[in-house]
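What follows is one structure encoded as structure tokens, with my remarks underneath.
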Protein chains: 2
Amino acid sequence: MPTIKDVAKKAGVSISTASYALNNQSNVHPETKRKILAIAKELNYYPNASARNLKTKRTGNVGVFVYGFGGPVFSDVLEGIRQALQANDLNIIVSSGKASSTLLKERQIDGAIVFDGQLSDDTLLHYASFGHPLFVLDRILEGPNIYPSLIDNEGLVYRFIREMLEKGYRDFGYLSGPTIAFNNNHRYDGFKQALSEVGLPHTYIQGDFTIQSGYQAGIQLVHSKQIPRFIFCANDESAIGLIQALKENQIAIPDDVAVAGFDNIVLGSYVSPKLSTIGIDHIEWGKQVANALVDLLNDKTPDLQIPIGKIILRDST
Amino acid sequence: MPTIKDVAKKAGVSISTASYALNNQSNVHPETKRKILAIAKELNYYPNASARNLKTKRTGNVGVFVYGFGGPVFSDVLEGIRQALQANDLNIIVSSGKASSTLLKERQIDGAIVFDGQLSDDTLLHYASFGHPLFVLDRILEGPNIYPSLIDNEGLVYRFIREMLEKGYRDFGYLSGPTIAFNNNHRYDGFKQALSEVGLPHTYIQGDFTIQSGYQAGIQLVHSKQIPRFIFCANDESAIGLIQALKENQIAIPDDVAVAGFDNIVLGSYVSPKLSTIGIDHIEWGKQVANALVDLLNDKTPDLQIPIGKIILRDST
DNA sequence: TTGTACGCGTTATCAA
DNA sequence: TTGATAACGCGTACAA
């Protein structure tokens with residue numbers, strides 16, 4: 001594995017001159033520079049990141065920590081982040097589980113975007129306390145260098161339910177996500193708020209964001225013979241599972257039961273009936289967060305806005 | 001940010017003794033060790049990865065490089081990889097795009113798993129030539145330290161079509177994935193092989209693995225009024241889009257047109273009709289590959305098997 | 001059982 | 001415009 005030493009020796013210059021040339025410094029003779037670069041290419045030389053990072057205290061890496069790699073929401077947010085980072089010559093490093101905290105603690109990254117409710121507050125606070133910018137998505141955490149980015153889960157669901165109220169629905173159910181999920185709880189808050197304002201009760205059904213849990217909830221509901229006229233689901237995937245279960249039991253959507261979700265995943269337009277939902281532009285969200293992080297790394301003040309969501313009424317309501 | 005020097009000073013020992021204690025060496029007095037560890041904890045000390053890596057020439061990181069972060073297949077494979085690596089105290093680092101080749105070239109990882117047809121052969125060969133184990137999934141590449149892991153795309157589709165032939169189907173279509181996709185081409189090979197053996201022609205329809213492309217293909221087919229009796233789709237997602245389009249045009253599945261896919265994604269069981277498909281255990285696949293990589297990193301000879309696939313007949317055929 | 005000293009590959013300071 | 005050299009933080013061979 002060639003080092004800068006090999007390049008310097010072969011070019012007949014000192015290590016420092018080689019370094020200048022390779023880092024595109026202006027204080028090196030054009031001809032010398034040309035030669036050094038040519039030799040570097042010939043030898044297939046690339047700097048050793050560990051050595052460079054040790055010296056410069058920068059890694060050029062941004063960590064993105066997720067709870068799991070699955071799901072249409074994650075993948076879109078990640079894609080947005082990737083685009084923005086790549087445009088700024090930063091590497092995206094996605095990780096999950098124990099590796100996430102290792103990368104944080106051992107300073108392998110310049111900044112982080114956390115989309116994982118399982119990473120401990122302590123680890124996050126400790127990391128940020130050394131001056132590294134840290135964005136937390138859909139999670140609340142206060143501290144120096146910590147920037148939460150929240151979508152308006154509560155307000156959007158509130159507005160959605162209000163519209164349904166105006167349409168005349170009166171009998172509501174909520175199919176939840178995991179009770180520890182921040183976004184689920186805020187969506188539920190908005191749901192309850194809208195109903196309590198008009199003094200309506202509701203049915204609560206436990207789910208966990210997966211298609212499977214939605215399906216099972218539907219089967220249970222059918223057995224119980226107590227199906228709400230309108231079921232708001234904490235996300236699209238569970239809504240799709242729910243609809244499937246109801247349809248298999250000859251329940252017509254939306255004529256017998258109306259269903260809506262949250263996220264506006266692509267699949268929602270390719271099921272029957274097409275799913276009503278609440279949409280966030282996840283790619284855009286990822287881009288905005290990543291760009292704000294880049295600003296911070298460059299000592300600029302970031303411009304972080306709340307991503308705008310919209311209500312999308314299709315055929316399931 | 002505390003360094004080992006701070007720990008040593010506060011404990012009143014030399015740096016090397018601190019290092020021994022922190023690395024759990026046996027040659028340090030229990031009491032000294034206890035004290036050092038206590039102080040490290042108190043100071044919230046963690047080693048600087050760059051410094052350690054520079055010295056040991058190991059990073060403890062394994063790179064997983066994907067073309068995009070989306071898709072049910074990727075996420076399952078990644079989860080399998082994550083589990084296996086975490087069990088062996090290795091960090092999983094997932095990346096995509098330009099960052100992937102940077103991480104490879106600048107030696108930020110001990111080994112790599114590549115699931116990305118876009119990463120150049122050159123970069124891969126160069127990286128592996130320095131002794132780093134490199135696994136390529138669903139891609140062929142020969143060279144030292146390079147280990148391809150292929151699923152039997154061709155054989156599985158061949159067997160599937162043979163079964164459909166026995167069931168009596170005679171009029172076949174193939175809804176493809178991207179023509180540059182290795183797995184798509186092999187699936188198509190198996191498809192063609194089965195049909196050519198019995199002297200049957202087929203219709204070719206271009207797609208790109210997405211739900212949207214499947215849907216569009218369906219719409220086109222309906223307009224052309226030339227719909228094959230059986231359509232094999234290069235993956236499940238495009239099959240689901242296709243079915244949706246056909247259903248919207250009052251074409252009954254499987255009575256008018258039978259459809260099958262490949263991958264056995266969860267969603268396939270939650271659409272109507274339930275999708276017939278070919279299944280690989282993707283989590284298991286990821287685990288196997290990661291374990292083989294771990295073996296290689298520990299200078300053991302890996303035991304890498306071809307993941308077993310099975311034919312899953314549900315309601316769409 | 002503990003300490004001294006060197007070097008990993010790089011960047012950056014200073015002198016030439 | 002170039003070169004010698006220190007330093008980043010750590011692990012380890014060797015000496016004590």
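By convention in this document, chain letters (A, B, ...) are assigned in the order of the sequence lines, proteins followed by strands, and residues within each chain are numbered from 1.
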Using a strict cut-off of less than 4.0 Å between a Lys/Arg side-chain nitrogen and an Asp/Glu carboxylate oxygen, indicate whether B/Asp89 and A/Lys98 qualify as a salt bridge. yes

Let me see the working for A/Asp263 and A/His282 under side chain to side chain contact (heavy atoms under 4.5 Å, CB included), right down to the final yes or no. CA-CA 9 Å; A/Asp263 280 342; A/His282 292 109; 4.1 Å; yes

Do B/Ile109 and B/Phe65 come close enough that some side-chain heavy atom pair is under 4.5 Å? yes

Through what angle, rounded to 10 degrees, does the axis of the helix from C/dT1-D/dA16 to C/dA16-D/dT1 turn between its ends, using five pairs per end? 40°

Aromatic ring proximity B/Phe74/A/Phe69, centre distance under 6.0 Å: no

Check whether any side-chain N or O of A/Thr17 sits under 4.0 Å from OP1 or OP2 of D/dT2, and answer yes or no. no

Distance from A/Ile93 atom CD1 to A/Gln108 atom CD, nearest 0.5 Å? 7.0 Å

Rounded to the nearest Å, what distance is computed from the NZ atom of residue A/Lys35 to the P atom of nucleotide D/dT1? 17 Å

Would you call B/Asp281 and B/Lys287 a salt bridge, taking side-chain N to carboxylate O under 4.0 Å as the test? no

Please list, one pair per line, the donor and acceptor atoms closer than 3.5 Å that link side chains of residues 299-308 of chain B to other protein atoms, with sequence neighbours excluded.
from, atom 1, to, atom 2, distance (Å)
B/Asp303, OD2, B/Gln305, NE2, 3.4

Per-nucleotide protein contact along nucleotides 8-15 of chain C, 5' to 3', at a 4.0 Å heavy-atom cut-off (B base, S sugar-phosphate only, - neither), is BBBBBBB-

Quick one: pull up OG in A/Ser100 and CD in A/Gln118 and give me the separation to the nearest 0.5 Å. 11.0 Å

